[in-house]
Protein chains: 2
Amino acid sequence: MPLGKPRPERADAARNRELLLANVREMLAAGGAGSVTMDALAERAQLGKGTVFRRFGTRAGIFRALLDADERSFQEQVLYGPPPLGPGASALDRMVAYGQARIAFLLDHHSVARAALDRNQPAPAGEATITRVHLRMLLGQAGLNLPDLDTLAVQLTGALEGPLLLYVVLPEPETPPSPAAGRPLAESWSVLVHRLLRAEPGTTPG
Amino acid sequence: MPLGKPRPERADAARNRELLLANVREMLAAGGAGSVTMDALAERAQLGKGTVFRRFGTRAGIFRALLDADERSFQEQVLYGPPPLGPGASALDRMVAYGQARIAFLLDHHSVARAALDRNQPAPAGEATITRVHLRMLLGQAGLNLPDLDTLAVQLTGALEGPLLLYVVLPEPETPPSPAAGRPLAESWSVLVHRLLRAEPGTTPG
DNA sequence: GCCATAAACGGACTATACCCCGTTTAGAGA
DNA sequence: TCTCTAAACGGGGTATAGTCCGTTTATGGC
């Protein structure tokens with residue numbers, strides 16, 4: 001038995017996962033993230049409560065699972081899509097484009113993204129890390145003459161996502177997500193990145 | 001009866017508040033933030049649970065109250081202390097100094113500051129806002145030629161505090177707070193601020 | 001001192017996340 | 001098809017945040 005393959009998920013488990021996620025989406029649409037309780041979800045899906053926890057581990061885990069699919073397709077746009085979000089543009093342009101896209105993404109998924117946060121757990125594992133890793137890479141490509149790009153990437157992640165996840169600069173409950181609500185953030189992000197990546201005065205680029 | 005004076009806190013209430021906070025500090029020292037439960041606190045202080053909630057409203061409120069005193073003296077350093085943290089230095093220098101001081105503060109109070117966060121509540125009201133407001137003011141003084149300093153201040157708040165509050169770049173449980181642990185963050189903050197406030201090439205200052 | 005009243009108090013009650021473990025079942029191999 | 005085992009399932013149990021409301025008490029005005 002090859003060690004790298006920890007046995008695929010059993011068919012009934014997979015079926016139930018989908019069933020649960022479908023129910024979560026419905027509950028979400030009907031009553032918002034607050035209405036999704038483990039008990040209610042279990043009952044609605046006609047499953048035991050233990051099953052729900054076995055699938056998702058924690059309440060936040062449900063929302064992480066929900067985010068996952070969209071997050072993956074978002075990531076694909078970033079890695080393989082057309083520039084400037086995808087490869088083929090300058091680091092500067094890509095960073096601005098990434099910020100804009102990320103803000104739009106977090107706006108779209110605002111309620112779920114916040115519900116996916118887990119006090120106790122440091123970083124919502126999959127979710128926030130995409131930003132940190134990608135920004136770190138772009139900083140590297142930008143040819144900055146700076147020592148600690150890792151830390152800078154963490155801080156920029158905070159600048160980009162913090163306003164939407166921590167200091168909630170948005171939206172009134174039940175407000176349908178206005179597409180332009182993130183405009184100021186995107187605008188300001190662009191300024192921040194432009195100034196950060198701007199060449200040192202009196203330095204030859206290279 | 002003057003409307004602005006909503007009646008001072010009753011003596012017994014004040015006494016109990018102190019009693020509770022003292023007990024919280026002891027529990028904190030003994031078993032960490034996780035060991036501070038409302039029931040345990042109430043019992044330890046020989047008070048009813050209802051009283052604890054009446055005093056602090058919510059679990060996070062306890063930690064906010066704990067933070068409050070230190071936060072106030074921190075704020076005083078910023079408003080009236082010696083430069084560069086206090087007034088009397090350039091906006092740039094003050095912003096760098098503020099970042100350094102804030103990082104040290106959050107490091108010192110890391111466990112309490114995180115416990116003061118309240119899912120549900122957007123921003124930990126008093127706590128995070130100090131940073132936002134102060135950065136906003138300094139940005140104004142810096143004479144930047146930028147349109148939306150409010151949003152920029154929020155993003156910088158995220159850059160400064162996000163790493164410590166959201167993406168926990170620190171410390172292993174039970175690690176005594178190493179004073180140098182925030183060095184990379186402070187260093188990187190300095191770089192970020194320097195580049196942000198750097199004069200536009202070909203622009204006359206003023 | 002005495003009274004009236006607003007505030008504080010207490011602790012039972014509810015809602016909910018998360019745990020445990022005995023029972024059931026899918027699915028690989030004989 | 002039968003067996004065997006690891007995985008999945010169920011739902012009662014626990015811990016804990018937060019609510020409610022009847023009771024007690026501090027305190028300002030008389």
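As a basis for the values below, the full set of heavy atoms in this structure was taken, side chains included, without hydrogen atoms, waters or symmetry mates. Every chain is numbered from 1, with letters handed out A, B, ... down the list of sequences.
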- Task: Could you tell me whether Lys49(B) and Glu43(B) have a side-chain N and a carboxylate O separated by less than 4.0 Å?
- Result: no

- Message: Does this structure show an ion pair linking Asp68(B) with Arg72(B), if we count only N-O contacts that are shorter than 4.0 Å?
- Response: yes

- Task: Among residues two or more places apart or on two chains, list those pairs meeting ring-ring contact (aromatic ring centres under 6.0 Å, His included) that have a residue in residues 8-33 of chain A.
- Result: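 Those involving residues 8-33 of chain A do not exist here.
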
- So which pairs with a foot in residues 16-71 of chain B pass ring-ring contact (aromatic ring centres under 6.0 Å, His included), sequence neighbours left out?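 For residues 16-71 of chain B: none.
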
- Task: Tell me which residues in residues 17-27 of chain A put a heavy atom below 4.0 Å from DNA chain D, sorted by number, or none.
- Result: none

Please report the distance, rounded to the nearest Å, between [atom1] in [X] and [atom2] in [N].
| X | N | atom1 | atom2 | result |
| --- | --- | --- | --- | --- |
| Leu47(B) | dT25(D) | CG | C1' | 14 Å |
| Glu43(A) | dC9(D) | CD | P | 18 Å |
| Leu41(B) | dG11(C) | CG | C1' | 15 Å |

- Item | Sub-6.0 Å ring centroid separation between Tyr98(B) and Phe105(B) |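 They do not qualify: ring centres at least 6.0 Å apart.
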
- For nucleotides 13-28 of chain C, just jot down a letter per nucleotide in 5' to 3' order: B, S or -, based on protein non-hydrogen atoms under 4.0 Å. B---SB------BSS-

- Query: Which atoms form the tightest heavy-atom contact between Ala42(A) and Val52(A), and what is the distance?
  - Reply: CB-CG2, 3.8 Å

- Message: Which residues pass the side-chain contact (heavy atoms from CB on, under 4.5 Å) test with Arg183(A), not counting sequence neighbours?
- Response: Glu187(A)

- More than 12 heavy atoms of other groups within 6.0 Å of Gln141(B) CD: yes

- Query: Regarding Asp70(A) and Ser73(A), is there a side-chain donor-to-acceptor distance under 3.5 Å anywhere?
  - Reply: no

- Query: Within the distance-only criterion (no hydrogens, no angle test), does the side chain of Gln155(B) pair as donor or acceptor with the backbone N or O of Leu185(A) below 3.5 angstrom?
  - Reply: yes

- Message: Under 4.0 Å from OP1 or OP2 of dG10(C): is there any side-chain N or O of Thr51(B) that close?
- Response: yes

- When the C1' atoms of the five terminal pairs at each end define the local axes, what inter-axis angle does the helix from dG1(C)-dC30(D) to dA30(C)-dT1(D) show, to 10 degrees? 20°

